[in-house]
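A short worksheet on the structure shown next.
The sequence lines fix the lettering, A, B, ..., with proteins before strands; numbering per chain opens at 1. From a predicted model like this one, the values you see are computed outputs, not experimental measurements.
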2 protein chains.
Amino acid sequence: MKRPTIADIARLAGVSKGAVSYALNGQPGVSESTRRRVLAIAEEIGWNPNGAARALSGAPSHTVGMVLHRPARILGVEPFFMELISGVEAELSARSYALTLQVVADQPAEIAVYRRWWGERRVDGVLVCDLRVDDPRIPVLSELTLPTVVVGMLGESAELVSVWSDDAAAVVEAVEYLSALGHRHIARVGGLPELRHTAARTAAFEEVCRRLEVAPALTISTDYTGEDGARATRRLLSSPRRPTAILYDNDVMAVAGLAVAHEMGFSVPADVSLVAWDDSVLCQLVHPPLTALSRDIPAYGGHAARQLLDVITGLPASSVQDETAHLIPRGSTAAPPSATGRGA
Amino acid sequence: MKRPTIADIARLAGVSKGAVSYALNGQPGVSESTRRRVLAIAEEIGWNPNGAARALSGAPSHTVGMVLHRPARILGVEPFFMELISGVEAELSARSYALTLQVVADQPAEIAVYRRWWGERRVDGVLVCDLRVDDPRIPVLSELTLPTVVVGMLGESAELVSVWSDDAAAVVEAVEYLSALGHRHIARVGGLPELRHTAARTAAFEEVCRRLEVAPALTISTDYTGEDGARATRRLLSSPRRPTAILYDNDVMAVAGLAVAHEMGFSVPADVSLVAWDDSVLCQLVHPPLTALSRDIPAYGGHAARQLLDVITGLPASSVQDETAHLIPRGSTAAPPSATGRGA
DNA sequence: GCCGGGCACTGAACCGGATAAGTGGATAGA
DNA sequence: TCTATCCACTTATCCGGTTCAGTGCCCGGC
């Protein structure tokens, strides 16, 4: 089937291509009767604008891009990303924007994709995740002047718009809660240390442990996978100075950690308390259900998408702080074994 | 920053636009020395092909589309789709194809998106899910001659390529297993009845129940959500002829059903056995872990993507049958309460 | 020494829209 | 009545590539 073009419409309507273009775009320059005739013919022959031709004349692509730098197979089991994407999609689809996803193997490849998308005018803007401490993507995106919204925290000095949440405050809430239960030895199974939000969480964790005079904060770094979370948990629970509470940087690791605790014969929460970060259904399904730092991730993605659309359409947009994760106590946390009398 | 074009390269290299195009595309018509010079200049000034311009001359977009007709917020909690998408992405990204997702509210909107994508040459092909009994999308896609691969079963007579798995055989395996355990009253909590694979499962369920002379097959239709699965389970467990085993059409409903059983005071598997379809991590996390019909969903998506790329590139591609889901017995199934002596 | 053929390249048309500039006719104001 | 203005269009150009039909030049063969 041949695709109809405005030239076909022009021929059928007995006017020029230019007039058809004006009519279809609601521009002045054609009479109302001609406009109606053109629109009727376009509808009848099933005309669709050719995006390529429009893009060539500088029109937006109505597409937003997102590059994910991690193994594609992980995506299916990582609730955070999927919930984020679903929130982004919900916002985009409401405005008839599409989302283009591309999974890449490393950061140079990610930067290459941005350059390509920019060169090809394939996307109107991008959402950037997993900000690193000295992130090489930021200068590239600034240089390209590709509309960008960063999901996660960005330093003060940044010119890019970001949507972020106060992870430090959430860490403090969790540690204060554990401390109030009597825990004096709290460990953390953290995410990739080069990620900026991991660094912020680690700093906050260390500071609040110092302030509350609990044992020196111990953070074990992982790659966020369940396997790494299990390994870290095994190491913590078999160490001579075994912690009485563990704070995990995501839900997948917390669930894996719970399985490890059971496998090693520890009772949760009697022997060790566990707290997850991000509260997907996983946390509620396991036994005992996990105390978690919960936040509305789809909403987070939706806000990021909205900010990006504002940036793209030239509306004033500035970084916004999203909801801080809040603690939902469930069955995986209790007073530590030694604290029957709540003494130190 | 201004985007460099082949005209810039041509000027710098002192040749014509046409020669640059030949050089960049590996076409004959330029000398090796000129080709090298052109490539070096392109690299140096950071040239990227403008996809719009290429597409205007009929080049492929190196993008595959997928329209999801369901509420965007559901996506984050529906493991099936996310695993499918992750498998698709894994295959596509290996060949540098991108995936464009669009969530729509209804089927007319979905068809409109296909027409638009086709008209705009925005995607080279599409993956279609959730085939319905008389699916209005099929004739449209055939008419548009938009390369299409159907994920899920398609009738014999179809001209479209599909990747499918034998759901009927899986139903038979599950029912035979339950029957062997002694169950004589098996109910099913099925998905949307208008979906073709639901119909196939229902037919297979009825036939195998008849063959094994268990009680008439009862299927309750749902919309696949956990809420609907919970509602159906509540209805089944409070009916006078309470089933001793329930087969669910997805994992989300099975997990919800397990919660309902507990809430109503039934013990699983002592009072009622539960079997899930699709074996995400959810099934293994709950207590007791759920017996499930398991299949490799990312691989399923990957196969579909590969078939689509074959169709797009004009390679011979025909419908392929994917792995049949196989039963993984876990703690949620056992002999029914009355069957101590295994008698009827 | 002339001709045929191939190589390396140029120039221009083309893809399908957007849009600036130009045109002819009707109308209004002086 | 003559000009200025506006309207409703047409014409032409542009976007950035691809591709086809030349074109000039060199080389070999007879």
Within the structure provided, determine whether B:Val161 and B:Asp310 are in side-chain contact (heavy-atom separation under 4.5 Å). no
Judged by modelled atom types alone, do A:Thr63 and B:Arg122 share a side-chain donor-acceptor pair under 3.5 Å? yes
Under 3.5 Å donor-acceptor, B:Thr148 side chain and B:Leu146 backbone: yes
So the side chain to side chain donor-acceptor pair (under 3.5 Å) pairs with at least one residue in residues 42-55 of chain B (sequence neighbours excluded) are B:Asn25-B:Arg54
Looking at A:Arg132, is its backbone amide N or carbonyl O close enough to the side chain of A:Arg196 to form a donor-acceptor pair, meaning the two atoms are under 3.5 Å apart? yes
Within 6.0 angstrom of A:Asp106 CG, more than 12 heavy atoms from elsewhere: yes
For the residue pair B:Ile138 and B:Leu131, establish whether any side-chain heavy-atom pair is separated by less than 4.5 Å. yes
B/S/- contact track for nucleotides 9-18 of chain C, protein heavy atom under 4.0 Å: BB----BBBB
Chain B reaches DNA chain D, atoms under 4.0 Å from its heavy atoms, from D:dG16 to D:dC20
